[in-house]
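Throughout, protein chains are lettered first and strands after them, A, B, ... in sequence-line order, and every chain is numbered starting at 1.
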There are 4 protein chains.
Amino acid sequence: MTRRALLMLQIVTGDPRPITRQITDGIKRQIAGGDLLPGDALPSVRGLAQQLSINPNTVAKAYAELTAEGWLLSRTGLGLFVAEQRQRLSDEERERRLAEAVDRFVSDVIGLDYPQQTILDRVAADLSNYETKKTA
Amino acid sequence: MTRRALLMLQIVTGDPRPITRQITDGIKRQIAGGDLLPGDALPSVRGLAQQLSINPNTVAKAYAELTAEGWLLSRTGLGLFVAEQRQRLSDEERERRLAEAVDRFVSDVIGLDYPQQTILDRVAADLSNYETKKTA
Amino acid sequence: MTRRALLMLQIVTGDPRPITRQITDGIKRQIAGGDLLPGDALPSVRGLAQQLSINPNTVAKAYAELTAEGWLLSRTGLGLFVAEQRQRLSDEERERRLAEAVDRFVSDVIGLDYPQQTILDRVAADLSNYETKKTA
Amino acid sequence: MTRRALLMLQIVTGDPRPITRQITDGIKRQIAGGDLLPGDALPSVRGLAQQLSINPNTVAKAYAELTAEGWLLSRTGLGLFVAEQRQRLSDEERERRLAEAVDRFVSDVIGLDYPQQTILDRVAADLSNYETKKTA
DNA sequence: GTGGTCTAGACCACG
DNA sequence: GTGGTCTAGACCACT
């Protein structure tokens, strides 16, 4: 039996991230946080597009990216489902991506004049939403 | 007396960041890290463009952004200098930028499957390069 | 100095593969075969679309897939370039993909009534186009 | 005397192949491997559909494809049976299919960075499951 | 009904 | 000039 996910997503027009990114980020977080479990069915492309009042192609693109990255699994005619999570990337690639993300993040927050600890706390707070739920 | 900065900058072709961003990031980090001091003069647009083998327009754009954000100060006829103290952003703007950066960062590293502590350590390590130098 | 690649590609309408796949396959083979070297610039999206008489979006999609898979590197405003090849996938993922490809291939050729050796020779012939050139 | 085949088939949800393809592949392999012999009766459309918990239309479509390709033989009122000998495809068609399969396979495994010999060994191993049984 | 592909054309950021 | 995003609508295969 497959659960049909509700997907609490909302598109924010003022968000600097492109719509596709907002969708992929939202879904990744829900999977990482345990709100979406492997095997769960996602809303249909057309359905989510209507719900968010955006073009179906935009949803399809977001879904395609998540599928390519191994988060989702497409079963033609049936729909899209949350995939079993597995380690797809090599250690070198993971390290490279972490380094890149850290570099970008630090460049972003430099000059905002926040104490280092404040920044770390904020990251930890956001991050811990996922660590804990996944192991629960 | 004004120091004429050397600007140890290099454009990395493999870097996903646009060139403008690479320049602004590099300069911001050098100022935050104390390698560039208030009053130091920056290389001329043409000079830096030649040094980096890129289009002068790109350098000019990077300088313009840094000036707009208060990192640099233009003294007409003399060139650009590191500003005495940066123009403070409003608290709302600072908070907005921090939240956005954290959000993006967490989305980037989710799914890389690193322990939370590892991620925090990496951020702290990069961040502390600047904290310490600034207070020194 | 960057080479601007010629890209001997042609779209075959009778080909069962979608156009996007024909493009990605063709480029992957040229990279794997050493006809395209890291750093080489690819034809522009619009240019290749015109050359192949297809929609620019189709080319863009093919390029985007190759970029996501690490074959190409996008430098906004400059164009797309052949990336340095590195091991992006974990050993488990590589093994999984190989197994899947073998399984599909065998299913495809079963019942064609070719001797096993004939099939292997054909695979070897195609495969060796790339192995040898890469090490050369 | 006709044997009623058991058909050790199972639909794998994680499989990227459409369900119809999973069925046809499975049956073809069992025939090629000698597990299903000419004259053996196949499970009814409804029975197999129920056994696999899938839509009867899907089973019917798979059976229709196999019948069209000469693997199965329909005896009206009695059901479907494994054909005595498959209808031979034209040499041109066989060659076309082999070339297409090889082309696709090589495109799939390029970039996985396996030594050519490893790939060939894997294909040979899978392939020999059928060659040997058929000649035995 | 489902997702996937392709076309067409507009708009934006970067160099 | 470059690629990237989004919209709109047509067509196909699979269930």
Side-chain angles (χ1 to χ4, degrees), chain A residues 4 11 13 16-23 41-49 52-68 72-81, chain B residues 11 16-24 49 52-62 65, chain C residues 4 11 13 16-23 41-49 52-68 72-81, chain D residues 11 16-24 49 52-62 65:
Chain A
R4 172 68 57 173
I11 300 308
T13 62
R17 292 174 300 171
I19 300 179
T20 307
R21 186 49 141 84
Q22 293 186 45
I23 298 175
L42 277 90
S44 75
V45 169
R46 293 166 178 82
L48 185 57
L52 301 177
S53 304
I54 60 178
N55 190 294
N57 282 343
T58 307
V59 177
K61 186 180 179 187
Y63 278 178
E65 283 179 14
L66 290 170
T67 303
L72 303 183
L73 189 86
S74 164
R75 303 185 60 201
T76 328
L78 292 179
L80 287 158
F81 303 83
Chain B
I11 302 305
R17 290 174 300 174
I19 298 178
T20 306
R21 184 53 138 84
Q22 292 188 44
I23 298 174
T24 54
L52 301 178
S53 305
I54 59 179
N55 192 311
N57 289 337
T58 308
V59 176
K61 186 176 182 184
E65 283 183 15
Chain C
R4 174 67 59 172
I11 300 308
T13 61
R17 290 175 301 170
I19 300 179
T20 307
R21 184 57 139 80
Q22 293 186 45
I23 298 175
L42 277 88
S44 75
V45 168
R46 294 165 178 81
L48 185 57
L52 301 178
S53 303
I54 59 178
N55 190 295
N57 283 343
T58 306
V59 176
K61 186 181 180 187
Y63 278 178
E65 283 179 15
L66 290 170
T67 303
L72 303 183
L73 189 87
S74 164
R75 302 187 61 200
T76 326
L78 292 179
L80 287 157
F81 303 82
Chain D
I11 301 306
R17 291 174 300 174
I19 298 179
T20 306
R21 186 51 140 80
Q22 292 188 45
I23 298 174
T24 54
L52 301 178
S53 305
I54 59 178
N55 191 312
N57 290 337
T58 309
V59 177
K61 186 175 181 185
E65 282 182 15

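- With rounding to whole Å, B:I19 atom CD1 is found 12 Å from F:dT2 atom C1'.
- Put simply, CG on A:L80 is 14 Å from P on F:dT15, counting in whole angstrom units.
- For A:R46 against E:dG3, a side-chain N or O and a base N or O form a donor-acceptor pair under 3.5 Å.
- A pairwise comparison of heavy atoms in A:A49 and A:N55 identifies CB-C, 4.0 Å as the closest pair.
- Remark: C:T76 is not in phosphate contact with E:dG15, judged by side-chain N or O atoms under 4.0 Å from OP1 or OP2.
- Taken to the nearest 0.5 Å, the OG1 atom of A:T20 stands 5.0 Å off from the NZ atom of A:K61.
- Heavy-atom distances to DNA chain E give each of B:R17 and C:E65 a nearest nucleotide, and the one nearer the 5′ end belongs to C:E65.
- Toward the 5' end of DNA chain F, the nearer of the two residues C:L78 and D:T58, judged by each one's closest nucleotide, is C:L78.
- Whole-Å rounding puts the A:L48 CG to E:dG1 P distance at 17 Å.
- Under the salt bridge (Lys or Arg N to Asp or Glu O under 4.0 Å) criterion, A:R75 pairs with no residue, sequence neighbours left out.
- Atom pair A:K61:NZ and F:dC6:P shows a separation of 6 Å (rounding to whole Å applied).
- Within the shown strands, E:dG1 is the pairing partner of F:dC14 under the Watson-Crick or G-U definition, both distances less than 3.5 Å.
- Distance A:I23 CD1 to E:dG3 P: 13 Å, rounded to the nearest Å.
- Checking F:dC6, F:dA8, E:dT5 against every side-chain atom of A:T20, the shortest atom distance belongs to F:dC6.
- Straight-line distance from the CD1 atom of D:I54 to the P atom of F:dT15: 8 Å, rounded to whole Å.
- C:R75 places its CZ atom 13 Å from the P atom of F:dG3, with the value rounded to the nearest Å.
- For A:N55 and C:G79, each mapped to the nucleotide of DNA chain F holding its nearest heavy atom, the one lying further toward the 5' end belongs to C:G79.
- The heavy-atom pair separating B:E65 from B:T24 by the smallest distance is OE1-CG2, 3.8 Å.
- In this structure, CG of D:N57 is placed 11 Å from P of F:dT15, rounded to the nearest angstrom.
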